[in-house]
Amino acid sequence: MDGAGLSVGAVARRLGVAPSTLRTWGRRYGIGPSRHSAGGHRRYDPTDVARLELMNRLILDGAPPEEAARTALATAAADLESALAPPVAMPPEATGPVRGAGGHRLAVSDGTPATRALARAAMAMDMVTIQGLVADALARHGVVGAWQEVLAPVLIGIGERHQATGAIIEVEHLLSGCVLGALTAEIAAADPPLTSRPVLLACAPEEQHSLPVYALAAALAADRIAVRVLGARVPYASLADAIRQLGPAAIFIWSSLPGTGDPVPLAALPGGRPAPRLVVGGPGWAYGRMPAGARAVTNLPDALAEIHAALGHY
Ligand code: B12
């Protein structure tokens, strides 16, 4: 770091967070750069950076952002280095159960620091922090790792909580929107595809649970495979039109609910030369009645592998 200090982008890269997250932390919690360049740009000196590193560490260990900022700001400059060296001891209130309005508790099955932090932000309905944590998970673990280790466990925890209480639908909607936005952004930001025939991804008719479809599409896009995502509730007639228009190499269809998982109409989908590989996933399908040739997958890596195989990659 030179005497002029680091830019927002440089500090964001160092911490593995989005530049917008740093700006939000500055605005919301008063933790930011202590100087500006001659041109008026924000510049972070070594103490600013160490404070932000401490805040980031505390969040990853499960502390709510405002509390992490408070602790980082209260740490004397001379103590920052030692605070960063050993594992950070969490304040007692940051290690308690994840709670939301009305005292609702959220059990996240394998509560890692990242899942706990995301669950906390979701229960607090703190949209900016949710977006930052989802973006961080994607940047740190890639699409498959972020989905399996952070996003799906928190979604499943929220689903279980909702089932038990009938509450937190607002939390489910907020988190789903943030995850959908982040996965769509991953698809948009991926390097150009190296394949020509796309993979077509859709939910079964009336099926609104589209996040796994976007997770798979983002993972395929990261592997530079062309995708077309039709999202939620796609009537079979519309899917058939899309198949005829796009001539996909593979089609993935998701069903979460038994009511949307009747496989009989799949047999009537148009073929093509060569015929697209039909891959189905999700707990809703009646797998015993799948048409010949359909491949069922039970997790994201297997779905990815099945589609790579359909494209002749291995
Ligand atoms: C987010 C969410 C919503 C959002 C969806 C937003 C969106 N754009 O996707 C909204 C608010 C729209 C919604 C609506 C409803 N939902 Co909802 N929802 C969820 C929630 C919390 C996450 C959904 C999700 O993304 N699941 C995907 C992953 C995270 O979970 P999973 O499928 O269990 O994962 C397993 C496997 O599928 C596999 N897997 C995971 N990821 C992937 C990826 C791929 C590619 C593959 C192949 C496999 C795979 O691994 C997991 C472990 O086995 C789930 C909870 C849950 N457990 O899923 C409830 C859940 C699916 N919803 C449920 C219900 C009841 C509903 C509603 C009927 C509520 C209502 N009364 O209106 C409606 C249904 C609307 C419809 N017709 O589709 C129930 C379904 C119960 C059932 N089996 O019948 C669940 C399970 C919640 C619960 N525990 O009660 N929901």
Side-chain angles (χ1 to χ4, degrees), residues 100 104 106-110 115 118-119 122-123 125 130 134 137 141-187 199-223 225 227 229-235 250-263 277-287 290 294-310:
H104 287 298
L106 181 60
V108 180
S109 48
D110 63 341
T115 57
L118 182 59
M123 294 300 279
M125 299 195 67
I130 297 172
V134 172
H141 304 294
V143 175
V144 176
W147 178 254
Q148 298 212 122
E149 288 160 36
V150 184
L151 306 177
V154 176
L155 286 163
I156 290 169
I158 283 175
E160 285 167 358
R161 193 67 209 146
H162 167 65
Q163 194 175 27
T165 63
I168 68 167
I169 290 175
E170 67 288 356
V171 172
E172 181 180 287
H173 280 227
L174 183 64
L175 178 61
S176 302
C178 293
V179 173
L180 192 61
L183 292 171
T184 309
E186 288 286 313
I187 297 169
V199 176
L200 189 55
L201 302 102
C203 288
E206 297 311 323
E207 177 61 66
Q208 291 182 31
H209 297 95
S210 59
L211 295 178
V213 165
Y214 283 90
L216 177 55
L220 289 166
D223 287 349
I225 293 171
V227 294
V229 201
L230 308 185
R233 302 177 66 200
V234 181
I251 305 162
F252 176 79
I253 312 179
W254 176 267
S255 163
S256 270
L257 306 172
T260 70
D262 175 8
R277 167 120 9 133
L278 177 61
V279 184
V280 292
W285 291 112
Y287 285 102
M290 276 295 158
R295 307 290 179 95
V297 285
T298 54
N299 56 52
L300 183 52
D302 285 356
L304 207 51
E306 191 64 52
I307 289 172
H308 272 287

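Indexing begins at 1, ligand by ligand and atom by atom, following the structure's order. Nothing fancy with the numbering, it's 1 onward along the sequence.
Here the protein heavy atom with the shortest distance to atom 79 (C) of ligand 1 is Leu257 CD2, 4.7 Å. Atom 77 (N) of ligand 1 has as its closest protein heavy atom Glu206 O, 2.9 Å. Residue, atom and distance of the protein heavy atom nearest to atom 10 (C) of ligand 1 are Glu172 OE2, 3.8 Å. Nearest protein heavy-atom contact of atom 26 (N) of ligand 1 is Pro212 CG, 4.3 Å. Residue, atom and distance of the protein heavy atom nearest to atom 12 (C) of ligand 1 are Gln208 OE1, 3.7 Å. Protein heavy atom closest to atom 44 (C) of ligand 1, with residue, atom name and distance, is Trp254 CZ3, 3.6 Å. Closest to atom 38 (C) of ligand 1 among all protein heavy atoms lies Thr298 O, 3.4 Å. Here the protein heavy atom with the shortest distance to atom 8 (N) of ligand 1 is Ser210 OG, 3.0 Å.
Within the set Val213, Leu155, Val154, the minimum heavy-atom distance to atom 20 (C) of ligand 1 is found for Leu155. Within the set Gly159, Ala204, Ser256, the minimum heavy-atom distance to atom 87 (C) of ligand 1 is found for Gly159. Relative to atom 18 (N) of ligand 1, the option among Arg233, Glu160, His209 with the closest non-hydrogen atom is His209. Of the candidates Val279, Ile168, Thr260, Ile156, Ile156 brings a heavy atom nearest to atom 34 (O) of ligand 1.
Residues Pro205 and Pro235 approach most closely at CG-CA, 4.0 Å, considering heavy atoms. Looking at every heavy atom in both residues, Tyr287 comes nearest to Val280 through CE2-CG2, 3.9 Å. Of all heavy-atom pairs spanning Ile130 and Ala122, the tightest one is CD1-CA, 3.7 Å. Contact between Ala182 and Val134 at its shortest, heavy atoms only, is CB-CG1, 3.5 Å. Of all heavy-atom pairs spanning Ser210 and Gly231, the tightest one is CB-C, 4.3 Å. For Ile253 against Trp285, the heavy-atom pair with the smallest separation is O-NE1, 3.4 Å.
With values rounded to the nearest 0.5 angstrom, Met125 atom CE is found 10.5 Å from Ile168 atom CD1. Rounding to the nearest 0.5 angstrom, the gap separating the NE2 atom in His209 from the CZ atom in Arg233 is 12.5 Å. Between the CG atom of Leu278 and the CE atom of Met290 there is a distance of 7.5 Å, given to the nearest 0.5 Å. In this structure, the separation between CG on Leu211 and CH2 on Trp147 is 5.0 Å, given to the nearest 0.5 Å. Between Thr115 atom OG1 and Leu155 atom CG the span is 11.5 Å, to the nearest 0.5 Å. Rounding to the nearest 0.5 angstrom, the gap separating the CD1 atom in Ile307 from the CG atom in Asp302 is 11.0 Å.
At a distance under 4.0 Å, no protein heavy atom can be found next to atom 52 (C) of ligand 1. Under the 4.0 Å distance rule, the nearest protein heavy atom to atom 85 (C) of ligand 1 falls outside the cut-off. Atom 29 (C) of ligand 1 is approached by the protein to below 4.0 angstrom, counting heavy atoms only. Inside a 4.0 Å radius of atom 58 (O) of ligand 1 there is not any protein heavy atom. Protein heavy atoms all stay at least 4.0 Å away from atom 65 (C) of ligand 1. Counting protein heavy atoms under 4.0 angstrom from atom 90 (O) of ligand 1 gives one or more. Checking atom 69 (C) of ligand 1 against the protein gives no heavy-atom contact under 4.0 Å.
Against a heavy-atom cut-off of under 4.0 Å, Glu207 is close to the following atoms of ligand 1: 78 (O). Residue contact check: Val297 has heavy atoms under 4.0 Å from atoms 47 (C) of ligand 1. Close contacts of ligand 1 with Pro283, meaning ligand atoms under 4.0 Å from a residue heavy atom, involve 32 (O), 37 (O).
Annotation: side chain of Trp254 is not in contact with side chain of Leu216 (no heavy-atom distance under 4.5 Å). Between Leu220 and Leu201, the closest side-chain pair of non-hydrogen atoms falls below 4.5 Å.
Proximity of Gln148 to ligand 1, defined as any heavy-atom pair under 4.0 Å, is not found for any part of the residue.
At under 3.5 Å, not a single nitrogen or oxygen of His173, backbone or side chain, sits near a nitrogen or oxygen of ligand 1. Of the polar atoms of Leu216, none of the N or O atoms is found under 3.5 Å from an N or O of ligand 1, judged by distance alone. In terms of polar-atom proximity, defined here as any N/O pair under 3.5 Å, Ser176 makes no such contact with ligand 1. Considering backbone and side-chain N/O atoms, Asn299 never comes within less than 3.5 Å of an N/O atom of ligand 1.
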Would you check, one step at a time, whether the test side-chain contact (heavy atoms from CB on, under 4.5 Å) holds for Asn299 with Gln148? CA-CA 9 Å; Asn299 56 52; Gln148 298 212 122; 4.2 Å; yes
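Proximity of a side-chain donor or acceptor of Glu207 to a complementary backbone N or O of Leu257 within less than 3.5 Å is detected.
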